[in-house]
Amino acid sequence: MAVESAYELGTAVLDSVMLGFYRTGLASTAPAGLPGGVLEAAQETLAGALLYAREPPGELGGALATAATGAFTSALSETVRSRPRFRRSSTVDRTWSSDHPRVREEQDRLRRDARKDPARCREAR
């Protein structure tokens, strides 16, 4: 797969970071007693985890679904919080300062939000 822009590379880096958070979170919260290979397969994607959650009998499937959605939500939150650290890296910094239309749209949205509620934006830092 060829990366065509710094924006795509930055997105790929953050996707990898999020996947790492998701896998770690699911491994620590998944219910014990899952059939062989189910946890490893569920760690690949949230959709996969929810599909596998239909298979185990009884409460085990529901517990896997709950653990997977919790791990995904936590991973998303951790990734968003870690973004400023990654922004300092040259690749993501070039992405953030790139002239890509989606980057400009996000920057404009953040500026509008900051003007509307400056106190909330300072708290988020």
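Quantities reported herein were computed from a predicted structural model and do not represent experimental measurements.
- T24 places a side-chain N or O within 3.5 Å of a backbone atom of G20 that can act as its donor or acceptor partner.
- The two residues M18 and F72 have their closest heavy-atom pair at CE-CE1, 3.2 Å.
- Smallest separation of non-hydrogen atoms from L50 and T69: CD2-CG2, 4.1 Å.
- Residues P35 and L60 approach most closely at CD-CD2, 4.5 Å, considering heavy atoms.
- We find the CG-CG distance between L26 and L46 to be 9.0 Å, quoted to the nearest 0.5 Å.
- Remark: the backbone N or O of G70 is not paired with any side-chain donor or acceptor of S74 at under 3.5 angstrom.
- Looking at every heavy atom in both residues, A67 comes nearest to P31 through CB-CD, 4.4 Å.
- Taking all atoms of both residues into account, the shortest heavy-atom contact from E44 to L19 is O-CD1, 3.6 Å.
- Here the shortest heavy-atom pairing between L64 and Y52 reads CD2-C, 4.1 Å.
- Here T66 pairs with nothing under the side-chain contact (heavy atoms from CB on, under 4.5 Å) rule; sequence neighbours left out.
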